Every structure is written in C-alpha cells, then in structure tokens.
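First listed ligand is number 1; within each ligand, the first listed atom is number 1. Please read all numbers here as calculations on a predicted model, not as lab measurements.
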Amino acid sequence: MSTGALPLASSPPLLDGDDPALFPKLTDRQLELLRPLGSTRRIEQGEVLFRDGDAAYDVMVLLEGQVIVVLADAHATRLLAVQRARDLMVEFNVFTGQRVGATGIVSEAGTALFIPPDSFRALVGRELEFGDFVFQMLARRRRAMERLTSGIRIVGSRFDHDTHRLLEFVARNRVLHNWLDVDDPRAEPSLRGLPKDALRSPIVFPGGGSYLVNPTNAQLAAAVGLRESELPAGKTFDLVVVGAGPGGLAASVYGASGGLSTATLDAVAVGGQAATSARIENYLGFPAGLSGADLAERARVQAAKFNAHIMVPRRAISLTEQDGFHAVAVDDGDTLLARSVILALGVQYRRLSIPRLADYEGLGVAYAPDTARQQLRSGDAAIVVGGANSAGQAALALSDEGRHVFLVVRADGLERGMASYLRERIARDARIEVLLAHEVRELAGDGHLERVTIENIHTGERRTLSAGAMIVLIGAMPRTDWLAGQIALDKEGYVLTGPTLGPNMREREPWNALGRDPFLLETSRPGVFAVGDVRSGSTKMVAPAVGEGGMAVRFAAEHLARLRRPGPPSA
Ligand SMILES: Cc1cc2nc3c(=O)[nH]c(=O)nc-3n(C[C@H](O)[C@H](O)[C@H](O)COP(=O)(O)OP(=O)(O)OC[C@H]3O[C@@H](n4cnc5c(N)ncnc54)[C@H](O)[C@@H]3O)c2cc1C
C-alpha cells in the first residue's frame, strides 16, 4: 500500500472519529495510568504503525498528530477512521489474539505512546474502572465494525457445504468477515489470477494478501490468529477445562483468577450454545437482556485477562491417567496433563429423523438463528421447529428482521415448553404463524432448501411451506461418547456427579483410599468434575451452568489442596 500520498485523508471515514462512544478521548488520569507502561516516540507522516494481517501490535495512544486507519482489499481502500490526540488505538484482538484487520498510517507527524500488549492487559486486569472503560469502548467499536462489510473475505457458493461450515465457524468465533457468493460480480476482483481448480472451493482471504483454498476450521483459526501457539512440551496444568460455553468459561475465569494454572479447550468456539442465543433475558444483572455472543465475548476477555489459556478449535478425544495426572488427549495430537479437570461439554442439537436431512444441512437447515440468517435471501420466509424457549426466541428474532416465520410445534400448545413472556410476544406478532400439532415430513429444493412439507399429527393433513431456511431447535443430547468407560454416565449419556453416583461411595475405591465421598459436582473419577448441561439432572440454563462452573473450581481447589497435604482424611 502506498503510504506517501495519503489520498484518503480527505474522504469521509466509515466511523466517526468525533463520536465519543467509539473514540472517547483519554482523560489526564487515564493518560497517567498508561504513560509508565510504555515509551513515547515521534511518529512521521507516512509511517505505518500497524498493518492488516499483522500478528500483534503495541497498544498506542496518540499524543499529537493524526493517524488514518484504512481497510484495504482487492476492491478498494476505504478510510475507516481518523485518530487524533488522546485516542486509544487498540482492538479486541489484543485479548483474543486475532490478527490485525486494518492498517494505520500517520497522516500528520506527532508523538505516540507505545505500550506492550502484556502490560496493557495487566493494567486492564488491575484497574477496574479503566478495564470497564476499555471493554465498553471495544464492544461498541466491534458492533460498529460488524455493520460494515469488513474483515476477512470469504468467497464461496451458497450451495456449498464447506462455504457454510466456514461461515458458521467465523460467525461463532466472531471473526469480522465479509462473504461474497462466487457468482456475485463483486467477487471477481478477488478471484482474478487464481488457479481455475481453486475456484471450485470456498476461498478465504485472511488479509495481508494471502489466500486459503477450502481451509479446515483449524487452518482458518491459525490464519486469523485464533489458535494459540503450541503449548510448551511437558507443561502440566492445575486445571484443564473442556468446553468453553458458559459453564466452562465460568470455570476458566474462577480457576485462573483464583491462581490455578488453567487451560481451556473448545472444539468449535468460545460461548457454546449460549453464543447462538439471539437474546438472553433471564441472566441476572442484564435487565434489557444481552446477546449470547456478547456474553461469550465478555467472558472470553475476562478469562484471557486472568491468563487462562483458551484454545480453539481443539476437541478433547480421550481422558486417561498418566503418571498420576489426568491426561486429556486433543484431536491435533497434543495431550494436556492436569491435576484436575472440569468437563463443561454441554449438549448438541437433536436432528429430525426425516429423509434427505443431511443434504440440506448448511444449505437451508440450521441449528441456530445466526447460521440460518446466512442461508436466507431477502424476502425468504423461515421455519422454526420446536416449542421451547430457544425456538420462541429464534422465531421472534427472525420476525424482528421482517421475515415471515412458521413456528412448527409437535405439541398441542406452547404452555409446557415456553416461558409466558415469549408466548405473549409470539401471540401479538402478526409475522409469526404458529402451527401446533405438526411434524416435519419432507424437504425439497434445488441445491438449497426451498419447500418443507409438514403434517398435522391428529388429522394427517399435509401442507407444503415455502421457506429459505429451517431452524431445528428440538432439544439436545450430551456429547460424551469419548468418555464412556472412563467416568460414570447415566443411561442417556449425561455425566453422573456427587450424590447421583450412588450411596456409600466412601466405602468404594478409589474414594475409600481418599477417605471421602465425591464432592457435589465430582464425577466417578476423583479430581474430574462436570458442570452445566452435560451433568445428569442439570437445569439447562446459562445461570446454573455459570454457577456450577464457579462451584466446581472451589471443589477442584479443595481436591488439589488435599493432594498436596496427604494425611488423615477429613471430609
Ligand atoms: C438458541 C438457544 C437459546 C438459549 N437461550 C437461553 C436463555 O435465554 N437463557 C438461558 O438461561 N439459557 C438459554 N439457552 C440454554 C443455554 O445456552 C445453555 O443452558 C448453556 O449454554 C449451557 O452451558 P454449558 O457451558 O453447559 O454448555 P454449552 O453452552 O453447550 O457449551 C459446551 C461447549 O463444549 C464444547 N465441547 C463439547 N464437547 C467437546 C470436546 N470433546 N472437546 C472440546 N470442546 C467440547 C462445545 O463446542 C461447546 O462450545 C439457550 C440455548 C440455545 C441453543
């Protein structure tokens, strides 16, 4: 990119640099906090301070002068923002590790304070008020950025499963992205000069001029900087958390903040099922509700703030014992050794047993509103299948966007499965058509879902609905196959803990040798705990999962303390 002429300096920026919500000027007190952490130096006109695709950067405070921040791709170079004195130049990636998505060029010489990211993160963790200021500013900027078509570019066909896999992966991981259908003329400049073979698959342009042809989720994660570097060989952890939904994130935050060396892995993304919820309205302290994605993002930053190692996407595939440690094997070949483990595996969506379902998964059939949204064209109606809260929320969210929604429910009423506030809103919403006592029978469409046939379970009468997407929210089941034989599960595969393991546990091994019963959330294996939806008998909600995550850390710490001081049992 040419930096000399700065041709963009006069065009209006996409984000208003004078908007105090997005670019609040640092106060004298905030500057005083930041100054000792870094070094001040002169910056010259045309100097590039950070560049699209950079793996890391110093946090900067502009003291004098002006910096333009630009977004550049194969199509155009756009002016994102103009930064002036007392602006803090930092993005969420300082916490998440994602690569830089814009380029900052000095447009007027001046001076800037450069702060190493580690020192900045430590300050944010130390200074509550300043930390809150930073998170709120970053969340507002992030929302503003999501409205722009910026970030990594994905070019792929809407009829292609891999395109949808990649889109779901970036959406779940909140990677700013911009998708163009391969047939869209606007995709042409990006694709020019690429080998013909490559054009049959989705292509990702992660920035910095590089591209990836149909990458795996792990390759894409590495390219955008989501994936942490390999762990030091032989490193052991006090606590390994498997699953980074609300339960696992809570365990990570409480574990790491309580001084336990903590590693957390998730097979897909931070946030779990909760991150797919359009609006969580029953979480304490958020009277207006908050989106699941926001909750997940805040928790992720909080966990990173306390130095929990969050590793995404990495799937745990076995739990064994090795030299007195719990050994969690990961699908990339690594093994994490832990003194205690918290399983926060959640549940996975149930699928409908109807013909050709797999043909349309990712091509109209989805298991979360966000994913469905990417598969809908403007004007398409949507079908939501299910009668519980998650289905009600999804129907309302899609209707709010102006879509006609068919809510297909097998039961004869919504009373048993759905909260009254959702039922009332649905009843008032003219765009939502509730079809009680109906089941889905057939799917049809040319390369993408177009029609869904439903049947009244009492009369057998069939009706075919035209819709661009069908979101299936009919319950879930645990994902514990890989634990069978290692820890006790109930007959549906949920993990048994504490009292549900049975009476007189203290009389059995290994509890007899330990001289205690299992703790409340402890599994049949001492030092391994289970929290949230995966636990047998759990309340399938965010708040209980979070509470259990916190409680399990307390039990894990107690287990570790007892390991360190062998002696007469006291439980
Ligand atoms: C659309 C929707 C809306 C909802 N709305 C609400 C609401 O408004 N209020 C409310 O209280 N609850 C709501 N819920 C329920 C709530 O989201 C769950 O109860 C909560 O997320 C459970 O948290 P968890 O941590 O136990 O599991 P999950 O959120 O399911 O997270 C489990 C995580 O573990 C990971 N994982 C699984 N197996 C492995 C493995 N082997 N290796 C590595 N990682 C693994 C998964 O990828 C996942 O990210 C909603 C759920 C959905 C689907």
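- Compare Ala397, Gly245, Pro246 by their heavy atoms: the one nearest to atom 23 (O) of ligand 1 is in Pro246.
- With a 4.0 Å heavy-atom cut-off, ligand 1 is reached by the side chain of Arg479 but not by its N, CA, C or O.
- A heavy-atom separation below 4.0 Å is not found between Gly549 and ligand 1.
- Between Arg314 and ligand 1 there is a heavy-atom distance shorter than 4.0 Å.
- The closest side-chain donor-acceptor pair between Ser538 and Asp533, if any, does not fall under 3.5 angstrom.
- Which parts of ligand 1 touch Val347 is read off a 4.0 Å heavy-atom cut-off, strictly below it: atoms 30 (O).
- Ligand 1 lies out of reach of Asn389, whose nearest heavy atom is not under 4.0 Å from it.
- Ligand 1 lies out of reach of Val534, whose nearest heavy atom is not under 4.0 Å from it.
- For the pair Arg516 and Phe519, the cation-pi test (distance below 6.0 Å, angle within 45°) is passed.
- Judged by distance alone, the side chains of His438 and Glu455 never bring a donor and an acceptor atom under 3.5 Å apart.
- Using a 4.0 Å cut-off between a side-chain N of Lys or Arg and a carboxylate O of Asp or Glu, Glu433 and Arg463 qualify as a salt bridge.
- Ring geometry for Tyr367 versus Tyr349: interplanar angle under 30°, hence parallel rather than tilted (30 to 60°).
- Asn214 and Ser201 form no side-chain donor-acceptor contact under 3.5 Å, judged by distance and modelled atom types alone.
- At a cut-off of 3.5 Å, with distance as the only test, a side-chain donor of Tyr360 or Arg356 sits close to an acceptor on the other residue.
- Applying the 6.0 Å contact sphere to CZ of Phe95 captures more than 12 heavy atoms from other residues, nucleotides or ligands.
- When the heavy-atom distances from atom 17 (O) of ligand 1 to Ala267, Ala296, Ala274 are ranked, the shortest goes to Ala274.
- Taking 4.0 Å as the cut-off, Ala368 does not count as a neighbour of ligand 1 on heavy-atom distance.
- Contact analysis puts Trp482 in contact with ligand 1, with a non-hydrogen atom separation below 4.0 angstrom.
- When each atom of ligand 1 is checked for a heavy atom of Met541 under 4.0 Å away, the hits are 11 (O), 12 (N), 19 (O).
- Ligand 1 has a nitrogen or oxygen under 3.5 angstrom from a nitrogen or oxygen of Asp533.
- Ligand-side atoms of ligand 1 in range of Asn282: 7 (C), 8 (O), 9 (N), 10 (C), 11 (O), range being under 4.0 angstrom from any heavy atom.
- At a 3.5 angstrom cut-off on N or O pairs, Ala316 counts as close to ligand 1.
- Taking a cut-off of under 4.0 Å to the non-hydrogen atoms of Ala344, the atoms of ligand 1 that pass are 32 (C), 33 (C), 34 (O).
- Under the side chain to side chain contact (heavy atoms under 4.5 Å, CB included) test applied with Val341, the options Val241, Leu239, Val328 reduce to a single match, Val328.
- Taking only nitrogen or oxygen atoms, main chain and side chain alike, Gly247 reaches within less than 3.5 Å of ligand 1.
- For Arg410, the CZ atom counts as loosely surrounded, since its 6.0 Å shell holds 12 or fewer non-hydrogen atoms of other residues, nucleotides or ligands.
- Looking at Ala394, Ala251, Ser390, Ala269, it is Ser390 that brings a heavy atom closest to atom 52 (C) of ligand 1.
- A side-chain N or O of Asp132 and one of Gln136 form a donor-acceptor pair less than 3.5 Å apart.
- Short contacts between ligand 1 and Gly532, defined as distances under 4.0 Å to a heavy atom of the residue, involve ligand atoms 26 (O).
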